Undergrad: 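Before we start, here is the structure in question, set down as structure tokens.
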Amino acid sequence: MRASLEGEKVILVPYMKEHVPKYHQWMQDPALLQATASEPLTLEQEYDMQLSWTKDPLKQTFIILDRESVIGDFIHGDPQVEAMIGDVNIYMNDMEDTKKAEIEIMIAEPKSRGKGLGKESVSMMMAFAVKNLGIQAFRAKIGESNKASIALFKKLGFEETCYSEIFKEITLELPVTDSKSEELHQLTKGMITYL
């Protein structure tokens, strides 16, 4: 069973093979590759990556749809590729602390940046992870040149915990306190739909 989340500005849907061609197109942009610390993949490799992410219980990936661009009722039909603007992910890859997740966001469409879509997407993903996966702390690793992303996470209450000189990367963390958990719960009340 996969979940979709509907917010005021965005709709988060599971990353499916229908999304791969547009996602692959985004990842041809050198600026996005640098911002996401990604390597370019072939289309076939991108399909393989999508399949592996879907099967990995330690990863959760949602494609972000701009709610204004969604045409028709996506919940009962296919996701609207035209409405795709980016993705948001969490990784539970800290073997010492299974209640901590790394979170990432990419708003790939330039026209969709600076509108609060990223902030809502990250908040919804965190609320989903706290409620459904028992996550109690979040970490974000961001390249020092990605000022917009750093500012976004700081607005959400993340604090800088370390800096990697080698990777030129800042790590920010946010523990999920009772008040933060309640705030996230209120934010997403009634938003999750299971497919």
Side-chain angles (χ1 to χ4, degrees), residues 3-15 31-32 34-38 53 58-68 85-110 112-193:
S4 292
L5 293 81
E6 187 169 350
E8 291 179 19
K9 299 178 181 183
V10 298
I11 298 170
L12 305 183
V13 296
Y15 184 28
L32 283 179
Q34 181 182 1
T36 59
S38 299
W53 286 357
L58 300 178
K59 292 181 181 168
Q60 183 74 50
T61 300
F62 287 106
I63 293 294
I64 306 167
L65 306 180
D66 183 339
R67 188 179 165 117
E68 287 185 2
I85 62 164
D87 72 334
V88 61
N89 313 286
I90 58 167
Y91 307 95
M92 286 79 68
N93 52 10
D94 188 338
M95 295 307 157
E96 295 173 17
D97 189 351
T98 58
K99 298 297 181 186
K100 183 179 278 190
E102 187 171 330
I103 188 163
E104 298 178 340
I105 180 142
M106 174 182 72
I107 300 295
E109 294 292 333
S112 300
R113 296 177 189 148
K115 297 180 176 180
L117 305 178
K119 183 179 179 186
E120 184 176 87
S121 299
V122 170
S123 297
M124 289 167 58
M125 176 59 105
M126 288 193 309
F128 174 84
V130 168
K131 182 176 181 180
N132 296 281
L133 305 172
I135 300 302
Q136 297 172 359
F138 292 96
R139 173 187 297 138
K141 294 181 179 179
I142 305 168
E144 67 179 356
S145 62
N146 192 344
K147 304 292 185 204
S149 206
I150 293 167
L152 163 66
F153 281 94
K154 285 186 174 181
K155 276 184 205 167
L156 290 167
F158 282 70
E159 293 184 1
E160 191 173 328
T161 56
C162 65
Y163 173 74
S164 168
E165 184 67 45
I166 295 168
F167 295 109
K168 304 287 186 217
E169 188 176 74
I170 295 169
T171 298
L172 300 112
E173 294 191 2
L174 176 71
V176 180
T177 60
D178 288 344
S179 62
K180 189 65 175 180
S181 181
E182 181 57 28
E183 176 189 326
L184 291 169
H185 173 70
Q186 290 301 321
L187 176 76
T188 56
K189 201 180 276 186
M191 286 185 179
I192 300 174
T193 304

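Note that the coordinates shown come from a computational prediction; the quantities given were computed from them, not determined experimentally.
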Undergrad: Between Phe62 and Pro14, what is the shortest heavy-atom contact and its length?
TA: CD2-N, 3.8 Å

Undergrad: Give a yes or no on whether the backbone of Glu8 and the side-chain of Glu120 come within a donor-acceptor separation of less than 3.5 Å.
TA: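 Indeed, once roles are kept as given, a pair shorter than 3.5 Å links the two residues.
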
Undergrad: Would you name the heavy atoms of Ser112 and Asp66 that are closest together and state the gap between them?
TA: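 In terms of heavy atoms, the two residues are closest at OG-OD2, 4.4 Å.
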
Undergrad: Rounded to the nearest 0.5 Å, how far apart are CD1 of Ile85 and CD1 of Ile107?
TA: 4.0 Å

Undergrad: Would the distance check show the side chain of Lys180 and the main-chain N or O of Leu174 forming a donor-acceptor pair, the cut-off being under 3.5 Å?
TA: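 Checked: no pair found.
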
Undergrad: Does the side chain of Asn93 reach to within under 4.5 Å of the side chain of Glu102, using non-hydrogen atoms?
TA: yes

Undergrad: Could you tell me whether Arg67 and Glu6 have a side-chain N and a carboxylate O separated by less than 4.0 Å?
TA: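 The answer is yes: the pair qualifies as a salt bridge.
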
Undergrad: A side-chain contact here means heavy atoms from C-beta on lying under 4.5 Å apart; do Lys59 and Asn89 qualify?
TA: no

Undergrad: Grab the two heavy atoms, one from Gly143 and one from Ile150, that are nearest each other, plus how far apart they are.
TA: O-CD1, 3.8 Å

Undergrad: Nearest 0.5 Å, what's the NZ-CD1 distance between Lys100 and Ile103?
TA: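 Going from the NZ atom of Lys100 to the CD1 atom of Ile103 covers 14.0 Å.
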
Undergrad: Kindly compute the distance separating NZ (Lys115) from NZ (Lys9), expressed to the nearest 0.5 Å.
TA: 10.0 Å

Undergrad: What's the shortest heavy-atom distance between Ile105 and Ser121, and which atoms?
TA: CD1-CB, 3.6 Å

Undergrad: With under 30° as parallel and over 60° as perpendicular, where do the rings of Trp53 and Tyr15 fit, or are they tilted in between?
TA: tilted

Undergrad: Using a 3.5 Å distance criterion without hydrogens, assess whether the side chain of Thr161 forms a donor-acceptor pair with backbone atoms of Thr171.
TA: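 It does hold such a pair.
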
Undergrad: How far apart are the closest heavy atoms of Ile90 and Leu133, and which atoms are they?
TA: CD1-CD1, 3.5 Å

Undergrad: What residue pairs, at least two apart or across chains, pass salt bridge (charged side-chain N to carboxylate O under 4.0 Å, His left out) with a residue in residues 132-146?
TA: Asp94-Arg139, Arg139-Glu173

Undergrad: Could you label the plane-to-plane angle of the Phe138 and Phe158 rings as parallel, tilted or perpendicular, counting under 30° as parallel and over 60° as perpendicular?
TA: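 Answer is tilted, since the angle falls between 30° and 60°.
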
Undergrad: With a 6.0 Å cut-off (strictly less than), is the heavy-atom count around CZ of Phe167, excluding the residue itself, greater than 12?
TA: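 No - once you tally the heavy atoms of other residues, nucleotides and ligands closer than 6.0 Å, there are 12 at most.
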
Undergrad: To the nearest 0.5 Å, what is the distance between CG (Leu65) and CG (Leu12)?
TA: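 One finds 8.0 Å between CG of Leu65 and CG of Leu12.
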
Undergrad: Please tell me if the side chains of Gln60 and Met125 come closer than 4.5 Å, counting only heavy atoms from C-beta onward.
TA: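 Yes, side chains in contact.
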
Undergrad: How many angstroms lie between NZ in Lys154 and CG in Leu152, if you round to the nearest 0.5 Å?
TA: 12.0 Å

Undergrad: Is there side-chain contact between Leu117 and Ile64, with at least one heavy-atom pair below 4.5 Å?
TA: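 Leu117 does not reach Ile64 side chain to side chain.
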
Undergrad: Find the distance between CD (Gln186) and OG (Ser181) and round it off to the nearest 0.5 Å.
TA: 10.0 Å

